[in-house]
Amino acid sequence: MRANHNHHVRHAHSTCRVSRLLRPRIICAVTGAVPDARVVVIGGTGRVGSSTASALIKEFPNLKITLASRSDDSYQAAISRRPELSKASFQHVDITNADSVRGLLINTDADLVIHTAGPFQRSKNYAVLEAALETRTGYIDVCDDTPYSEGAKERYAERAAAAGVPAIVSGGIYPGTSNVMAAHIISIARQQYDKDWNYRTPVPGEGSEPKWLRYSYYTAGSGGAGPTILETSFLLAGEDVIVYKDGKEVILPPISNRREVDFGPGVGRKGVYLYNLPEVVSGHKYMGVPDVSARFGTDPFIWNWAMWLTARLIPRNLLNDRGFVKRFAALSDPFVRNVDKVVGEAVAMRVEVDMMNGKNSSGIFVHKYLSQSMGYSTAAFAQSVLQGKTKPGVWYPEEPEALQDRRQFLQLASTGCSRFDLNRSAWALESEITQIGGLIYW
């Protein structure tokens with residue numbers, strides 16, 4: 001029978017340590033190398049794509065990276081932001097044209113394609129995934145849209161398995177790293193690891209089952225992630241929210257049911273609101289958690305009010321119109337950039353799992369720069385695919401087939417974190433804890 005393992009890493013440069021309590025506790029795995037390979041990052045000149053390419057170049061200099069987008073100007077702008085991207089080559093691509101995407105993968109002889117060209121909301125364009133399957137190229141996307149990710153899995157999972165192609169959907173930071181944090185907590189509780197951290201099937205009666213999974217996210221301003229995150233936010237303001245309560249699907253209004261969440265010292269307590277995010281559906285369907293919800297909040301607090309009003313005052317037909325939303329985001333972007341200069345780009349995630357036996361296990365992830373942490377999260381998924389540690393098929397991040405070694409993934413994904421704690425009691429993550437007479441007050 002497995003004992004619980006608490007992971008608590010506070011690092012600025014991906015350091016890790018081993019501590020002792022009653023027995024040795026392995027905090028994190030050593031990040032492994034990847035074989036020589038060719039990686040294409042579609043949307044690679046945008047904020048998310050360029051961050052991903054930057055992380056890959058820094059961590060795995062043996063990789064041959066190609067950035068692909070529609071514009072030479074965007075490539076030059078990306079290099080000005082991140083000079084290390086000059087080590088990558090550039091190719092044009094139009095993701096609305098299947099021949100363009102297929103030609104890109106053939107011409108670059110790609111081993112892996114990473115699709116970061118969002119937003120994914122309201123999209124039914126699977127040209128990148130289809131080209132990856134046709135050319136037998138590994139695939140990762142950073143989709144944060146429930147219908148799109150579910151569509152990818154339902155329509156292409158069998159085909160990917162038959163073609164021997166490993167594919168991970170929603171492989172960003174949230175969803176992405178947050179899913180893996182939850183899965184690791186739950187697998188430890190269920191005793192689904194052996195002593196060497198390989199997956200195992202527990203015997204009946206072993207472990208504890210999860211009852212409620214809560215995802216809570218915070219970014220300062222837009223997190224410096226560019227206009228795409230604004231488009232995504234406005235599109236999500238037009239989507240009803242799926243949550244699960246008592247094992248049943250419940251539909252709620254977008255940006256509703258405010259909850260105050262403590263993200264620990266340095267961030268503190270923040271108000272977060274329900275959004276329709278794919279990790280809710282995947283957590284219920286593929287991790288088997290009865291109750292799941294996901295919330296997001298930002299600073300300054302007036303942005304939350306503005307999004308609340310957007311969801312209620314702008315007609316749904318306009319919020320469902322990608323053209324309108326793109327123009328709306330472009331209009332808002334300069335003002336948001338100026339606010340970002342004041343509030344910064346910090347990101348924080350808190351994952352809480354309540355067990356059937358009444359116990360609670362939680363995790364927290366805090367990073368000063370959202371764009372950097374997004375890049376390392378996606379690079380960590382790429383590491384698994386390139387190492388052959390992702391099975392053929394289409395997988396969400398939390399599925400065991402997506403990541404053979406979750407500890408290795410979390411080690412790389414948490415690079416640069418000011419705080420990364422996992423599998424801790426909820427009270428241990430609070431900003432202020434006072435102990436009086438053996439009792440804890442917070």
Side-chain angles (χ1 to χ4, degrees), residues 34-35 37-44 48-49 52-53 56 63-70 91-172 175-176 179 278 281-282 285-286 378-404:
V34 299
R38 294 164 294 277
V39 179
V40 174
V41 184
I42 292 182
V48 177
T52 300
L56 290 170
L63 294 178
K64 184 177 180 180
I65 308 295
T66 299
L67 308 182
S69 74
R70 291 173 295 182
Q91 294 283 330
H92 291 96
V93 69
D94 178 2
I95 64 169
T96 65
N97 185 314
D99 291 336
S100 174
V101 180
R102 190 183 309 107
L104 169 68
L105 300 187
I106 292 172
N107 292 337
T108 57
D109 194 21
D111 298 293
L112 171 65
V113 59
I114 303 175
H115 182 11
T116 70
F120 293 87
Q121 282 73 19
R122 316 297 186 273
S123 175
K124 296 182 180 179
N125 176 14
Y126 292 98
V128 179
L129 178 53
E130 289 177 351
L133 297 181
E134 289 178 21
T135 58
R136 301 199 172 188
T137 304
Y139 172 90
I140 297 170
D141 68 40
V142 296
C143 172
D144 52 3
D145 181 64
T146 303
Y148 190 93
S149 58
E150 281 291 279
K153 190 164 177 64
E154 291 171 1
R155 293 170 58 182
Y156 297 101
E158 291 185 4
R159 185 175 162 191
V165 174
I168 298 174
V169 295
S170 299
N179 306 44
V281 171
S282 64
K285 289 179 66 173
Y286 303 108
T378 304
F381 286 112
Q383 179 187 34
S384 179
V385 173
L386 293 170
Q387 289 176 335
K389 294 181 178 180
T390 300
K391 292 184 178 180
V394 178
W395 313 108
Y396 280 104
E398 62 265 44
E399 294 185 89
E401 295 85 353
L403 298 172
Q404 180 180 316

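We use all heavy atoms of the structure for the numbers below, so side chains are in, but hydrogens, waters and symmetry mates are not.
Take Tyr139 and apply the ring-ring contact (aromatic ring centres under 6.0 Å, His included) test, not counting sequence neighbours, and it matches no residue. Every residue meeting the salt bridge (charged side-chain N to carboxylate O under 4.0 Å, His left out) condition with Asp109, not counting sequence neighbours, appears here in chain and number order: Arg38.
Between Val113 and Leu129, every side-chain heavy-atom pair lies at or beyond the 4.5 Å cut-off. The shortest distance between side-chain heavy atoms of Thr52 and Val142 does not fall below 4.5 Å. Between Leu403 and Phe381 there is a side-chain heavy-atom pair separated by less than 4.5 Å. Between Pro175 and Asp144 the shortest side-chain heavy-atom distance falls below 4.5 Å.
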**Report entry** Glu130/Arg102 under salt bridge (charged side-chain N to carboxylate O under 4.0 Å, His left out): CA gap, chis, key distance, verdict
**Finding:** CA-CA 8 Å; Glu130 289 177 351; Arg102 190 183 309 107; over 6 Å; no
Requested in this report: Start with the C-alpha distance between Val39 and Leu386, add both sets of side-chain angles, then the distance that settles side-chain contact (heavy atoms from CB on, under 4.5 Å), and finish with yes or no.
Outcome: CA-CA 9 Å; Val39 179; Leu386 293 170; 4.1 Å; yes
**Report entry** CA sep, side-chain torsions, deciding dist, call: Thr135, Ile106, side-chain contact (heavy atoms from CB on, under 4.5 Å)
**Finding:** CA-CA 7 Å; Thr135 58; Ile106 292 172; 3.8 Å; yes
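The aromatic rings of Tyr148 and Tyr126 sit parallel, their planes meeting at an angle under 30°, below the 60° perpendicular limit.
Salt bridge status for Lys153 with Glu158: absent, with no side-chain N to carboxylate O gap under 4.0 Å.
Remark: side-chain polar atoms of Asp94 are not paired, donor with acceptor, to backbone N or O of Ser100 under 3.5 angstrom.
Distance CD1/Ile42 to CG/Leu67: 11.0 Å, rounded to 0.5 Å. Here the NE2-CD1 distance, from His115 to Ile168, works out to 15.0 Å after rounding to the nearest 0.5 Å. Atom CD1 of Ile95 sits about 11.5 Å away from atom CG of Leu104, to the nearest 0.5 Å. Here Glu150 contributes atom CD and Ser282 contributes atom OG; the two are 7.5 Å apart, rounded to the nearest 0.5 Å. Between atom CD1 of residue Ile140 and atom OG of residue Ser384 there is a gap of 8.0 Å, rounded to the nearest 0.5 Å. Ile114 CD1 to Thr66 OG1: the interatomic distance, rounded to the nearest 0.5 Å, is 11.5 Å.
Counted by atom type alone, Thr390 and Glu401 present zero donor-acceptor pairs between their side chains at under 3.5 Å. A donor atom on one side chain and an acceptor atom on the other are not found under 3.5 Å apart for Ser123 and Asn125. Looking at Ser149 and Tyr396, their side chains do bring a donor and an acceptor atom within 3.5 Å of each other. Checking Asn179 against Glu399 by side-chain atom types alone, no donor-acceptor pair falls below 3.5 Å.
Smallest separation of non-hydrogen atoms from Pro397 and Gly176: CB-O, 3.7 Å. Here the closest heavy-atom approach between residue Thr116 and residue Gly49 is recorded as OG1-CA, 3.3 Å. Here the closest non-hydrogen pair linking Ala127 and Val101 is O-CG1, 4.0 Å. Looking at every heavy atom in both residues, Ala382 comes nearest to Leu56 through CB-CD2, 4.0 Å. Scanning all heavy atoms of the two residues, the minimum distance from Tyr156 to Leu133 falls at CD2-CD1, 3.7 Å. Here the closest non-hydrogen pair linking Ala152 and Val169 is CB-CG1, 3.9 Å.
Residue Lys64 qualifies as open at atom NZ: its count of foreign heavy atoms under 6.0 Å is 12 or below. The environment of Arg136 atom CZ is sparse: at most 12 non-hydrogen atoms of other residues, nucleotides or ligands sit within 6.0 angstrom.
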